[in-house]
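Reviewing the structure listed below.
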Amino acid sequence: MTTNRLELLPAVDVRDGQAVRLVHGESGSETSYGDPLEAALAWQRAGAEWLHLVDLDAAFGTGDNRKQIAEVARAMDIKVELSGGIRDDASLEAALATGCRRVNLGTAALEAPEWVAKVIAEHGDKIAVGLDVRGTTLRGRGWTRDGGDLYETLARLDSEGCARYVVTDIAKDGTLKGPNLELLRNVCARTDRPVVASGGVSSLDDLRAIAGLVPEGVEGAIVGKALYAKAFTLEEALEAVA
Ligand SMILES: O=C(O)c1ccccc1NCC(=O)[C@H](O)[C@H](O)COP(=O)(O)O
């Protein structure tokens with residue numbers, strides 16, 4: 001259900017066992033921020049209600065951090081959204097077995113639509129779909145391959161009962177250039193399902209601007225780089241959207 005207050009989801013993206021930030025989601029653009037569990041616990045201590053936890057190696061197909069991701073998810077008292085490389089029954093079962101509140105499917109929604117329709121029917125709002133776009137073209141396989149038109153896919157997923165979308169403008173992700181508010185507005189105009197905004201948040205004003213879209217259907221915002229770069233604290237962010 002969409003609430004009036006914007007939910008904040010601090011991000012922990014894991015590559016080769018480390019919490020990292022990427023620029024435009026590109027493999028090789030990593031800045032490392034140390035132990036993922038320490039980062040996740042820090043966001044929890046700061047008052048986060050959600051953690052956005054990404055296995056980047058699984059997303060890129062360069063291995064996985066499944067064991068470590070499960071340890072982080074299990075150590076959290078807060079809700080966890082898990083993303084990265086969840087593409088079949090085995091990876092979905094492993095993800096759900098961590099006790100996470102929901103998972104984000106990305107590539108699978110583009111390449112395995114029948115399987116995605118099946119797991120949406122089985123798991124309801126435990127399944128969200130990540131709509132990761134350049135312009136209005138979706139990208140899969142760790143954002144490296146084109147995967148069709150945003151709005152056609154959105155209409156298909158809506159008709160299959162998808163509960164929620166995580167919308168990322170790849171051109172903004174990890175850049176601190178501000179969110180793509182127009183994209184968020186356009187997606188909200190095409191679906192009545194809640195939307196989680198991702199990518200580009202740089203300031204408290206960006207968060208306030210996203211919060212201004214709550215009446216249009218934006219439910220939450222993922223924040224990565226800005227927190228790691230100390231543009232503001234999570235406590236300040238939570239206060240800004242309270
Ligand atoms: O989420 C994924 O599956 C993923 C796959 C490949 C590259 C990046 C991926 N996620 C990145 C994120 O979810 C970021 O943490 C999030 O967009 C935050 O962005 P920012 O605030 O701009 O650092």
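Each ligand, and each atom within it, is numbered from 1 in the order the structure gives.
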Close approach, [X] and ligand 1, non-hydrogen under 4.0 angstrom:
X      : answer
Gly199 : yes
Gly174 : yes
Gly200 : yes

Does [X] come within less than 4.0 Å of [Y], counting only side-chain N to carboxylate O?
X      : Y      : result
Glu219 : Arg164 : yes
Asp57  : Arg15  : yes
Lys177 : Asp169 : no
Arg45  : Glu235 : no
Arg156 : Glu160 : yes
Arg21  : Asp13  : yes

Using side-chain hydrogen bond (donor to acceptor under 3.5 Å, both in side chains) as the criterion, point out the one residue from Arg101, Arg102, Arg193 that pairs with Asp125.
Arg101

When you measure from [atom] to every protein heavy atom, which one gives the shortest distance, and what is it?
atom                    : answer
atom 23 (O) of ligand 1 : Lys225 N, 2.9 Å
atom 13 (O) of ligand 1 : His52 NE2, 2.8 Å
atom 3 (O) of ligand 1  : Ser83 OG, 3.0 Å
atom 16 (C) of ligand 1 : Ser198 OG, 3.2 Å
atom 21 (O) of ligand 1 : Gly224 N, 2.9 Å
atom 15 (O) of ligand 1 : Arg21 NH2, 2.8 Å
atom 12 (C) of ligand 1 : Asp13 OD2, 3.5 Å
atom 9 (C) of ligand 1  : Trp143 CZ2, 3.3 Å

Give a yes/no verdict on a cation-pi contact between Arg87 and Trp115, requiring under 6.0 Å between NZ or CZ and the six-membered ring centre and an angle within 45° of the axis.
no

Are the side chains of Val129 and Val166 in touch, meaning some heavy atoms are under 4.5 Å apart?
no

Which of the atoms of ligand 1 are close to [X], meaning less than 4.0 Å from one of its heavy atoms?
X      : result
Ala11  : 15 (O)
Ala59  : 5 (C)
Ile222 : 16 (C), 18 (C)

Counting heavy atoms only, which part of Asp132 comes closer than 4.0 Å to ligand 1: side chain, backbone, both or neither?
neither

With a 4.0 Å heavy-atom cut-off (strictly under), which part of Asp173 contacts ligand 1: side chain, backbone, both or neither?
both

Is it true that Asp173 and Thr168 share a donor-acceptor pair across their side chains at a distance under 3.5 Å?
no

